[in-house]
Number of protein chains: 2
Amino acid sequence: MRRPTISDVARAAGVSKGAVSYALNGRPGVSEATRRRILAAAEDLGFHADRAAVALAGAPARVVGLTLHRPARTLGVEPFFMELISGLEAELSLRSYALLLHMVAGREQETAVYRRWRHEHAVDGVLVCDLVEHDPRLPVLRELGFPAVVIGPPPADEPVSSVWSDDAVSLQEAVEYLAALGHRRIGHVAGIPDLAHTAIRAGAFAEHARRLGLEAAPCAYTDYTGPDGARATRQLLGAAGRPTALVYDNDIMAVAGLAVAEELGLSVPGDLSVVAWDDSPVCRIVHPALTALSRDIATYGRQAARLLLASLDGREAVGVAVEPAHLAPRASTGAPADARPSA
Amino acid sequence: MRRPTISDVARAAGVSKGAVSYALNGRPGVSEATRRRILAAAEDLGFHADRAAVALAGAPARVVGLTLHRPARTLGVEPFFMELISGLEAELSLRSYALLLHMVAGREQETAVYRRWRHEHAVDGVLVCDLVEHDPRLPVLRELGFPAVVIGPPPADEPVSSVWSDDAVSLQEAVEYLAALGHRRIGHVAGIPDLAHTAIRAGAFAEHARRLGLEAAPCAYTDYTGPDGARATRQLLGAAGRPTALVYDNDIMAVAGLAVAEELGLSVPGDLSVVAWDDSPVCRIVHPALTALSRDIATYGRQAARLLLASLDGREAVGVAVEPAHLAPRASTGAPADARPSA
DNA sequence: CTGAAAGCGCTTACAG
DNA sequence: CTGAAAGCGCTTACAG
């Protein structure tokens, strides 16, 4: 079964190859009647233009690339990436773009992949996750002239499009909520310290703790895994002036925190309130159900795809803020059993 | 910055384009010294062959496709797919193959994507997940002459390569373990009834329950989500002759089961033992930690990629069984508080 | 409004 | 062992 080519369509419609190309791409140069006849013939033959030929003739490859940095994230543990990809895909398929996925072990590997992709003409643009300060990937992308969209807060040092949700606002909402419940000592189990959004979250946490005059606002960094979240929880709860509430930077660590509380004989929320970032189905089904900062990750992905597609069309770099995560209060938070200041 | 082409390399090395192509592809026809000179020039210029040109000249696209069927699976909830993708990627990148991902809403859409991919020359072969009986995708793939690998048990009606882990063996291990602990009434919270591997698991469950002379072995089907797992749990625990142990077809439902037990005032494992399928970090951090059927999903993915790559090289369709999931006993299972038969 | 022709960047027989 | 030439399937000015 030979794949039908543009010549087959031309023959079937009784026109030249050029006419078929014009008709298929919706360009002027063919009459409406002819266009219809050509489209019917193409449909009839099940014609789809060979991607390689189209790309070689100068059209975009209609593929965007996403590299995922394995050690920086517990991919497969957090639902975040799968939901993000789901949103990206939804938008990309609308415009017949495909998503090329590549997992890498380090940031240097990532820039090598960008170079290869660019030279191979493999993708038209890339999505960039998990930015660090002075991220080395950005200058490479600029040097390559690669359209790119950062998923996360806009970097200060590079002009590049970005889609982000304002984590500082969400953090503020969580801290104010806990403070209103009467908590005076609130801890933060943060993610990987290098990541730009970790710095933003930790900064907002410290700022609002100060502003609200909290007694204590300790912060512990982690690698986002459950065991490390458990370790950080024990560390924060073991110190003098034990916090009565903890805010976690992902769902898996919050669940681990719940288990540590039980192990230490602390009731949740009586002795300890727990807030998870990035709400997920797991947050809803554990007992007690976790109060979480909830956002629409799929929509976040759609926006990112839309912005990248706009960049491919030559639009200027812009920053787009999506709706920040908002607090979904559930059973894991409440007034502290002892709201009086500790000795 | 113009991308270097094969002509640039030829000029730099002082040879013809043909010689460069031979040297780069490791084919005979150039002397060792010339080959080295050419490779050095290519390296020097940062040359990577344009994928479109290579593909158009007849070489494989070096891309394989994976479609993910959204409603059939709670993608992003189960770590399974992200880990599978991670394993696929690891193997594919070794051979410079890329992974093209596409999410679809239905099985008909999936076959349409296959046709388009084939005609567009977009991918060389595909990976197929979540087979149902007489899966409509398989005849289409055969008609298109598309190399494919099924991830899951080999279908009876189509000759196609498959990589699977023997779920019947794992189910047997779980049921025998629970029976040895003294359980006589064991329930099964199964996945989506249409899926081939659900039938295999449910069949094995019924068979071994009978063989071991269990008093009761009720099975409830679900859509793999936490809420539906909770519903199924309540259904099984609410019936006369309440089971003292439940086996769940994914981790998220097992976690939901834990919450339902607590809500009903049943202690785990005292009143109810819980076994999860597809071990995950969540299983290890909840309290009590979940006994789980554990397997190496990334390796599963690597095997699938390797088999597809072999098919692309023209090898015959084969079935490859990977190591089945084995029981990792943890705190959620134990002897039933009352091991005597109920009235 | 249509058709013939060049060109995209490779690969691969084929003649030297 | 090397070089010139055709061809993959499209797109796109360009002449009719």
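Reckoned from all heavy atoms, side chains included, excluding hydrogens, waters and symmetry mates. All figures in this text were calculated on a predicted structure; none of them were measured in a lab. So that the names make sense, note that chain A is the first sequence line, chain B the second, and so on, each numbered from 1.
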Could you state the [atom1]-[atom2] distance from [X] to [N], rounded to the nearest angstrom?
X	N	atom1	atom2	answer
A:L24	D:dG9	CG	P	16 Å
A:H121	D:dG9	NE2	P	19 Å
B:D50	C:dT11	CG	C1'	13 Å
B:R51	D:dC10	CZ	C1'	19 Å
A:K17	D:dA13	NZ	P	16 Å
A:H48	D:dC10	NE2	P	12 Å
B:I6	D:dG3	CD1	P	13 Å
A:I38	C:dG3	CD1	C1'	12 Å

Any Lys/Arg nitrogen of A:R107 or A:E110 sitting under 4.0 Å from an Asp/Glu carboxylate oxygen of the other?
no
Salt-bridge test for A:D135 and A:R137: reply yes if a basic N is under 4.0 Å from a carboxylate O, no otherwise.
yes
Minimum-distance nucleotide (side-chain atoms of [X] versus [options]):
X	options	value
B:A57	D:dG3, D:dT12, D:dG7	D:dG7
B:N25	D:dC10, C:dT2, C:dT11	C:dT11
B:L56	D:dC10, C:dT12, C:dG9	C:dG9

Below 4.0 Å: OP1/OP2 of D:dT12 and any side-chain N or O of A:S21:
no
Ignoring backbone atoms, establish whether B:T34 has a side-chain N or O less than 4.0 Å from OP1 or OP2 of D:dT2.
yes
Watson-Crick and G-U pairing of DNA chain C written in dot-bracket, each distance under 3.5 angstrom, with | for inter-strand partners
|||.||||||||.|||
At under 4.0 Å between heavy atoms, what does [X] touch on the DNA or RNA strands: base, sugar-phosphate, or nothing?
X	result
B:S7	nothing
A:S31	sugar-phosphate
B:G58	nothing

Heavy-atom nearest nucleotide on DNA chain D for B:E32 versus B:G18: which residue maps closer to 5'?
B:E32
Which residue lies toward the 5' end of DNA chain D, A:V54 or B:P28, if each is placed at its nearest nucleotide?
B:P28
Using every non-hydrogen atom in the two residues, find where A:A122 and B:R51 come nearest and quote the distance to one decimal.
CB-CD, 3.5 Å
Smallest separation among heavy atoms of B:A98 and A:L100, with atom names
CB-CD1, 3.4 Å
Would you check if the side chain of [X] reaches a backbone N or O of [Y] as a donor-acceptor pair within less than 3.5 Å?
X	Y	value
B:S21	B:K17	no
A:R35	A:R27	yes
A:D50	A:A52	yes
A:T67	A:M103	no

Give me the distances for all protein-to-nucleotides 14-16 of chain C N/O pairs that come in under 3.5 Å?
none

Between CG of B:L66 and CG of A:L99, what distance do you get to the nearest 0.5 Å?
11.0 Å
I'd like to know whether A:E43 forms a salt bridge (charged side-chain N to carboxylate O under 4.0 Å, His left out) with A:R36, so could you lay out the CA-CA distance, the side-chain angles of the two residues, the decisive distance to 0.1 Å, and finally the verdict.
CA-CA 10 Å; A:E43 170 78 44; A:R36 255 201 289 276; over 6 Å; no
